[in-house]
Amino acid sequence: MAMSVEKFKAISPAEFFYRNKEIAGFSNPARALYQSVRELVENALDATDAHGILPDIEIRIDRDKVKTYVYRISVKDNGIGIPPQYVPEAFGKVLFSSKYVLRQTRGMFGLGAKMVVLYGQMTVGEPVEVITSPIGSRRIYAFKIMIDIKENKPVILHRASWPKNSDWHGTFVKVAIEGDWGRAKSRIIEYIRRTAIVTPYANITFRTPDGDVYIYRRVTKNMPPPPRETKPHPHGVDLEMLRMMLRSTNAKTLLDFLVMEFQGVGKVTAERFLSRYGFDPGKDPRTLSQAEIEALYKALREYNEFRAPRSDHLSPIGAELIKIGLQAILQPEFVEAVTRKPVVYEGHPIIVEVGIAFGGAIQPSETPILFRYANKIPLLYDEKTDVAWKVITENIDWSYYGVQFPAPLAILVHICGTKIPYKGVGKESVADVPVIESEIENGVRHVARALKTYLIKKRKEEELQKKAITLVKYIPEIARSLAVFVSKPNPATNGVTQELLESKLFELVKMKIGELPKGISSVRDVVLSVE
Ligand code: ADP
Ligand code: MG
């Protein structure tokens, strides 16, 4: 019997994603078009708001006149730009990123831009075009780049630079891919609308292949404070990470290692911790044996007197901005929002924010309209499997809050953290981890209570107004009888006409009731509205 011989070989990260593009969300031309816009827009936003710059972002998709399956996507921002020496790898080497630090950004995998370039290369074959000017630079740099998939490295086809005579800084990226605008259209438009809801401090314009232009104008100059970079929390490292940290540290002793490499560990805490578990504080961290590293890892996990993880490397949107965003885009009659306190999930802090919008221009529907976000990225796919969907449709009894469906109700849920338990590799839905589920539920209950109070007050006012109308309705009749009664026999009351009595009685009702319904400023208005 002939034996077949297995052939072994390794592939590069670029080749891996070339073969498995579905993993990164590029499963078909429609999804790829959506994902490409998303990746480029998220890079543009990371380059602006995460650095304290009010974003001006222009997105454009053009359909090729001849090859109609070809779309050219371009995104221009006013961000920090990219230093020219990094441009080729930023767009031509998979898993090259400036975001591999503990700090909340939209991207953090070093993949997005390259995936767009790879997909474009597979389907159309044109290089990506990048024009950039870093903040503070006096020049503009232009590149045309493709990816050497086998080697996972950039191939620079064109490079140029020229002096800058404006004060623009930022980045322009243009790439051609095979897409399907017809099938991606509604999602892309919705993605941009939802992005605008949580970035009311941005100017965003979007020109579609059909020539339609969507403009979201900045409605506030307030931005969430940029997230800061932080060190890991002792509960947030795994065995391998600890091993790498021990290998690369500059600390000379175990004591210094703990103080220098972890957040919230002071000298006193470190000493107490080391003596509790019997470690030698003076030991060189590079000389720990395998068994000692494992013991240290277990001890770090177990010790519960470390300070809770900090959360200033997170960037919540803030209740005020959520309200502004919901108000500007949905134009509801009521909005409320809350930013919850940080909680800890596997050693990483997570902050949940919830917004609610009711009435006004919102169309009534059978279930609440849900806007989900993770680290400010709108999540559009797999809604029904998301923990937030479970909370608002299963955990909450809306009738308790005075809402009867169909109702014009929208709920916004934002989860931010450096570790988010996504379901599956698509990163479109969040798993129902208990601590996150209860945070969302508490947040929803908080804003729903505010809605309930509002609805009760509104109903009271409406009832009062109904009463007022009933009262006012009788004024003409009463006034007529009174006029007959007072004016005829007594000449002194001459001049007391029915009209005068009507208006006096009307004033009386107004005093009793307070505000009358809009459009009612005299008895006549009521008589007319009743007829
Ligand atoms: P990630 O966003 O996960 O880091 P990307 O492949 O999307 O990965 O981008 C790689 C790197 O290129 C980013 O980390 C960033 O440093 C840089 N970059 C990409 N787009 C821009 C942009 N519009 N402005 C500034 N830097 C950018
Ligand atoms: Mg990115």
Side-chain angles (χ1 to χ4, degrees), residues 25 30-31 33-46 48-49 55 57-59 61 75 104-107 112 184-208 212-220 223-224 315-319 321-332 335 337 352-358 360-363 365 367-384 386-389 392 408-416 420 422 426-430 440 443-444 447:
R31 188 74 191 258
L33 190 57
Y34 167 78
Q35 196 67 30
S36 298
V37 170
R38 205 186 124 161
E39 295 294 354
L40 299 183
V41 170
E42 280 157 19
N43 281 347
L45 285 167
D46 275 344
T48 47
D49 72 0
I57 293 172
E58 291 166 31
I59 308 152
I61 307 179
V75 175
Q104 178 198 324
T105 44
R106 294 170 178 83
K185 179 177 173 174
S186 61
R187 296 261 190 190
I188 293 176
I189 291 171
E190 186 60 15
Y191 169 80
I192 291 171
R193 189 171 83 107
R194 292 188 183 199
T195 297
I197 291 179
V198 293
T199 53
Y201 48 82
N203 277 325
I204 302 176
T205 66
F206 171 40
R207 195 187 158 86
T208 74
D212 297 329
V213 182
Y214 293 80
I215 300 177
Y216 296 98
R217 267 186 228 292
R218 175 175 300 135
V219 290
T220 173
M223 265 197 298
S315 178
I317 301 156
L321 283 178
I322 292 178
K323 286 202 274 186
I324 291 174
L326 286 172
Q327 188 68 54
I329 310 288
L330 303 184
Q331 299 180 342
V335 286
V352 168
E353 303 186 283
V354 178
I356 196 167
F358 186 90
I362 302 175
Q363 291 302 311
S365 56
T367 47
I369 303 165
L370 177 61
F371 297 110
R372 296 175 294 137
Y373 298 86
N375 291 336
K376 297 182 187 158
I377 301 174
L379 306 181
L380 266 67
Y381 287 88
D382 308 335
E383 179 182 69
K384 302 282 185 296
D386 193 287
V387 59
W389 179 259
I392 65 161
L409 176 67
I411 302 290
L412 178 153
V413 174
H414 177 216
I415 303 174
C416 49
I420 292 182
Y422 291 106
K427 292 191 173 0
E428 284 284 350
S429 88
V430 178
I440 296 175
V444 172
V447 294

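Residues Thr195 and Tyr216 form no side-chain contact, since every pair of their non-hydrogen atoms from C-beta on lies 4.5 Å or further apart. In this structure, the side chains of Phe358 and Pro408 come closer than 4.5 Å at one or more pairs of heavy atoms. Phe371 places a side-chain heavy atom less than 4.5 Å from the side chain of Arg193. Side-chain contact check for Arg217 versus Asn203: some heavy-atom pair is nearer than 4.5 Å. Residues Val387 and Val413 form no side-chain contact, since every pair of their non-hydrogen atoms from C-beta on lies 4.5 Å or further apart. The side-chain heavy atoms of Ile317 and Glu353, taken from C-beta on, include a pair separated by under 4.5 Å.
Side-chain atoms of Ser315 and Lys376 include a donor-acceptor pair closer than 3.5 Å.
Rounding to the nearest 0.5 Å places CZ of Arg207 at 10.5 Å from CD1 of Ile215. Taking CG of Leu33 as the start and CD1 of Ile61 as the end, the distance is 4.5 Å to the nearest 0.5 Å. Atom CD of Glu190 and atom CG of Leu380 lie 6.0 Å apart (nearest 0.5 Å). The CG atom of Leu326 sits 9.5 Å away from the CD1 atom of Ile411 when rounded to the nearest 0.5 Å. With rounding to the nearest 0.5 angstrom, the OG1 atom of Thr220 is 13.0 Å from the CD atom of Gln327. Rounded to the nearest 0.5 angstrom, Asn43 CG and Thr105 OG1 are separated by 9.5 Å.
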task: Starting from the C-alpha separation in whole Å, work towards a yes-or-no answer on side chain to side chain contact (heavy atoms under 4.5 Å, CB included) for Val198 and His414.
output: CA-CA 9 Å; Val198 293; His414 177 216; 5.9 Å; no
message: I'd like to know whether Leu330 forms a side chain to side chain contact (heavy atoms under 4.5 Å, CB included) with Ile369, so could you lay out the CA-CA distance, the side-chain angles of the two residues, the decisive distance to 0.1 Å, and finally the verdict.
response: CA-CA 11 Å; Leu330 303 184; Ile369 303 165; over 6 Å; no
Criterion side chain to side chain contact (heavy atoms under 4.5 Å, CB included) on Ile415 and Ile440, from CA distance to verdict: CA-CA 9 Å; Ile415 303 174; Ile440 296 175; 4.1 Å; yes
task: Go through the steps for Ile197 and Tyr373 under the test side chain to side chain contact (heavy atoms under 4.5 Å, CB included), then give the verdict.
output: CA-CA 11 Å; Ile197 291 179; Tyr373 298 86; 3.6 Å; yes
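Checking side-chain atoms of Tyr34 against main-chain N and O of Gly25 turns up no donor-acceptor pair under 3.5 Å. Counting only distance, with no hydrogens or angles, the side chain of Arg218 and the backbone of Tyr201 share a donor-acceptor pair below 3.5 Å. At distances below 3.5 Å, not a single donor-acceptor pair connects side-chain atoms of Gln104 with backbone N or O atoms of Cys416.
For the side-chain contact (heavy atoms from CB on, under 4.5 Å) test with Leu40, the passing option among Ile59, Val75, Leu45 is Val75; the others fail. A salt bridge (Lys or Arg N to Asp or Glu O under 4.0 Å) with Glu428 holds for exactly one of Arg38, Lys384, Arg372; it is Arg38.
Both tests pass for Arg187 against the ring of Tyr381: distance under 6.0 Å to the centre and angle within 45° of the axis.
Ring pair Phe206/Tyr214 is parallel by interplanar angle, where below 30° counts as parallel and above 60° as perpendicular.
Residues Ile324 and Pro200 come closest through the heavy atom pair CG2-CB, 3.9 Å. Of all the heavy atoms in Trp389 and Pro368, the pair that sits closest is CZ3-O, 4.2 Å.
The residues Asp49 and Arg106 are annotated as salt-bridged, a charged nitrogen and a carboxylate oxygen being separated by less than 4.0 angstrom.
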